[in-house]
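The structure under discussion appears below in the form of structure tokens.
Start at 1 and go down the list; that is how both ligands and their atoms are numbered. Just so it is clear, the model here is predicted, and its values are computed rather than measured.
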Amino acid sequence: MEQHKGSCLCGKVSIIVNGALSDADACHCYQCRKWSGHFLVSTETERNEVVIEGEEHVKWFESSERARRGFCENCGSALFFDPLDKNKHSWTGICMGLFDTQNEVKLSHHIFVSEKGEYYNITDGLPQNQT
Ligand SMILES: [Zn+2]
């Protein structure tokens with residue numbers, strides 16, 4: 001079975017994903033820029049395929065009416081982007097920086113480019129969505 005492992009910077013939170021990861025996108029929206037410190041690259045997987053060890057160290061911030069963001073209370077690592085409507089969405093987003101094991105995930109496109117920072121250019125040639 002496909003399995004992917006990851007952890008936060010301090011190691012109090014670790015994850016095992018027992019399933020496939022989607023291609024990653026880079027989100028340049030205002031919220032992701034604030035939260036990540038730059039822009040946020042994440043992959044999606046089925047929530048029920050994610051095992052979290054040290055879940056008591058995960059703090060959640062509801063950044064909108066639609067989603068919450070999970071981070072490590074100890075080291076501040078950005079971990080999850082999670083839709084609030086669990087009936088509608090079975091996926092959860094995982095920040096790519098967490099992964100310790102090799103995987104096949106590649107960045108496929110950029111989103112919310114209309115809100116990107118002025119201080120960098122996107123030069124990788126991948127598709128750019130304005131929203
Ligand atoms: Zn941590």
Side-chain angles (χ1 to χ4, degrees):
M1 188 177 56
E2 194 171 342
Q3 194 174 71
H4 309 281
K5 294 182 178 179
S7 58
C8 69
L9 179 59
C10 76
K12 287 189 185 292
V13 180
S14 58
I15 60 163
I16 300 171
V17 181
N18 295 301
L21 304 172
S22 73
D23 278 342
D25 62 40
C27 184
H28 300 261
C29 85
Y30 177 79
Q31 291 188 344
C32 279
R33 292 178 52 224
K34 291 282 185 192
W35 191 54
S36 69
H38 187 24
F39 59 83
L40 185 69
V41 179
S42 62
T43 179
E44 289 174 13
T45 191
E46 291 300 306
R47 185 182 301 105
N48 62 15
E49 294 174 340
V50 183
V51 178
I52 304 174
E53 288 170 17
E55 196 164 5
E56 69 273 20
H57 298 293
V58 178
K59 290 282 185 225
W60 294 98
F61 173 68
E62 289 192 12
S63 53
S64 75
E65 288 172 1
R66 286 183 297 186
R68 61 180 188 164
R69 294 165 188 262
F71 60 96
C72 174
E73 66 174 358
N74 188 53
C75 67
S77 294
L79 306 170
F80 306 111
F81 182 85
D82 191 48
L84 290 173
D85 189 345
K86 310 292 185 204
N87 296 322
K88 209 160 146 191
H89 303 288
S90 62
W91 61 271
T92 193
I94 303 175
C95 300
M96 280 307 296
L98 268 67
F99 291 101
D100 299 314
T101 50
Q102 289 217 312
N103 58 62
E104 302 289 306
V105 175
K106 291 281 182 262
L107 184 62
S108 64
H109 64 292
H110 298 269
I111 60 174
F112 286 98
V113 171
S114 59
E115 297 180 23
K116 86 170 197 46
E118 301 274 316
Y119 63 92
Y120 61 92
N121 296 314
I122 301 170
T123 58
D124 55 19
L126 294 170
Q128 299 183 21
N129 297 345
Q130 291 305 303
T131 57

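Taking the six-membered ring where tryptophan is involved, the planes of H38 and Y119 are tilted, since the angle between them lies from 30° to 60°.
Around the Zn ion (ligand 1), the angle linking C10 (SG) with C75 (SG) is 110°, rounded to 10 degrees. Considering the Zn ion (ligand 1) as centre, the angle to SG of C72 and to SG of C8 is 110° (10° rounding).
Checked against salt bridge (charged side-chain N to carboxylate O under 4.0 Å, His left out), K86 has the following partners two or more places apart in sequence or in another chain: D82.
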Would you be so kind as to tabulate the donor-acceptor pairs closer than 3.5 Å made by side chains of residues 50-57, with sequence neighbours excluded?
residue : atom : partner : partner atom : Å
E53     : OE1  : S14     : OG           : 3.4
H57     : ND1  : E73     : OE2          : 2.9

Self-check item: Audit row: F80, I15, side chain to side chain contact (heavy atoms under 4.5 Å, CB included) steps and yes/no
Solution: CA-CA 11 Å; F80 306 111; I15 60 163; 3.6 Å; yes
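Backbone or side-chain N, O or S atoms of H57 do not reach the Zn ion (ligand 1) at under 2.8 Å.
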